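Read the numbers this way: they start at 1 and go in the same order the structure lists the ligands and their atoms. As the structure is a computational prediction, the values presented were derived from the model and not from experiment.
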Amino acid sequence: MLIAPSLLSCDFSKFGSEIERMDKAGADYMHLDVMDGHFVPNLTFGAPVIKYVRPFTKKVFDVHLMISEPLRYIDDFCDAGADLITFHIESDSDPEKTIEKIKSRGVKAGIVLKPKTPAEAVFPYLDRIDMVLIMTVEPGFGGQSFMADMLPKIEAVRSEIDKRGLDVLVEADGGIGDQNISLCAKAGVDVAVAGTAVFKAEDPAKAIKVLKELAI
Ligand code: DX5
Ligand code: ZN
């Protein structure tokens, strides 16, 4: 299991050193939550901030766009140094065009499903994407409770990917911690996002190690 700490829970007054701290703690990806106050009822940061913190690690920048018009900003996030961009299928942008745009920049593309969106919504795009991100909370805020009723959806996406023999990662995001990471692993998650579980831990390196050990 790969662990992607969500920087949404970091101390933004030292964003760069928080990324270095996660790098040293053994994070596999840096999960960067971009919110526009429109698609979700919260605001975070955009491409200029990501560009400033890019030099603090060589780890994968996993950029989760919770914005209404992702297509409009893909170039900005690619220029800022994103390695992987995930956008919501529920956004206003055309999924085909958005995938194409991300791929044309040599960046990996993924589709995100909100809790109410069924697994089947992503099936038509599976052969063109690198990741499916399944939300296990309503997007917008860190620190919410894991929705165990999303596990069948994770299994459905995983089995469709495997049935078709595709090379697509499954990521889960929201409320993931020691209590449920094993359920995520069993359902077929490859990458677990963890905000609170890592940032609120006294020792983030230990928290990441324990999460990985439990994910079997
Ligand atoms: C929620 C974000 C998540 C969130 C995860 O909209 O996409 O990445 O920050 O934080 P925790 O692990 O605290 O739920
Ligand atoms: Zn996220």
Side-chain angles (χ1 to χ4, degrees), residues 1-12 15 18-19 21-22 25-47 49-50 53 59-68 70 73 77 82-91 108-117 122 130-151 153-154 169-185 189-202 204 207-208 210-212 214-215:
M1 176 81 77
L2 300 177
I3 304 295
S6 162
L7 276 298
L8 187 60
S9 300
C10 85
D11 177 346
F12 284 111
F15 203 170
E18 287 284 77
I19 285 180
R21 188 161 76 94
M22 287 303 128
D28 296 293
Y29 291 3
M30 299 296 162
H31 185 82
L32 297 158
D33 289 303
V34 176
M35 305 186 190
D36 65 356
H38 187 255
F39 183 75
V40 287
N42 196 7
L43 282 163
T44 55
F45 49 81
V49 172
I50 292 178
V53 296
K59 300 266 170 83
V60 168
F61 263 25
D62 163 22
V63 177
H64 174 193
L65 297 181
M66 285 161 274
I67 65 178
S68 294
Y73 301 97
F77 288 104
D83 299 294
L84 162 67
I85 297 177
T86 60
F87 66 94
H88 277 262
I89 190 119
E90 308 87 359
S91 74
K108 291 189 170 163
I111 287 181
V112 196
L113 305 178
K114 292 213 278 189
K116 289 191 186 72
T117 306
V122 75
D130 303 287
M131 174 181 273
V132 178
L133 168 51
I134 295 154
M135 293 307 300
T136 43
V137 297
E138 282 298 337
F141 300 92
Q144 303 181 76
S145 300
F146 178 80
M147 297 167 73
D149 50 342
M150 292 299 113
L151 291 165
K153 182 153 91 182
I154 294 171
L169 290 170
V170 175
E171 184 174 47
D173 182 8
I176 297 176
D178 293 358
Q179 326 73 23
N180 49 46
I181 194 147
S182 149
L183 296 172
C184 291
V189 171
D190 303 295
V191 186
V193 177
T196 312
V198 172
F199 279 93
K200 300 289 176 258
E202 249 172 63
I208 291 173
V210 170
L211 284 172
K212 282 177 178 270
L214 291 170

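Side-chain contact between H64 and L8 is absent, with no heavy atoms from C-beta onward closer than 4.5 Å. At least one side-chain heavy atom of I3 sits under 4.5 Å from a side-chain heavy atom of I181. I19 has its side chain within reach of F61: a pair of non-hydrogen atoms, C-beta onward, lies under 4.5 Å apart. Using a 4.5 Å heavy-atom threshold, the side chains of S68 and D36 count as touching.
Distances shorter than 2.8 Å separate the Zn ion (ligand 2) from the protein N/O/S atoms H31 NE2, D33 OD1, H64 ND1, D173 OD2.
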Extract all donor-acceptor atom pairs below 3.5 Å that involve side chains of residues 141-149 and protein atoms in other chains or at least two apart in sequence.
{"residue": "Q144", "atom": "NE2", "partner": "E138", "partner atom": "O", "Å": "2.8"}
{"residue": "Q144", "atom": "NE2", "partner": "F141", "partner atom": "O", "Å": "3.0"}

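For E90, the side-chain hydrogen bond (donor to acceptor under 3.5 Å, both in side chains) partners two or more places apart in sequence, or in a different chain, are H88, T117.
Protein residues having at least one heavy atom under 4.0 Å from any atom of ligand 1 are S6, L8, H31, D33, M35, H64, M66, M135, P139, G140, F141, G142, G143, D173, G174, G175, V193, A194, G195, T196, listed by chain and number.
For D11 and R21, the salt-bridge test fails: no basic side-chain N is under 4.0 Å from an acidic carboxylate O.
Between the N42 side chain and the G140 main chain, a donor and an acceptor come within less than 3.5 Å of each other.
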Might you work through the side chain to side chain donor-acceptor pair (under 3.5 Å) test for D33 and S6, ending with a clear yes or no?
CA-CA 7 Å; D33 289 303; S6 162; 2.7 Å; yes
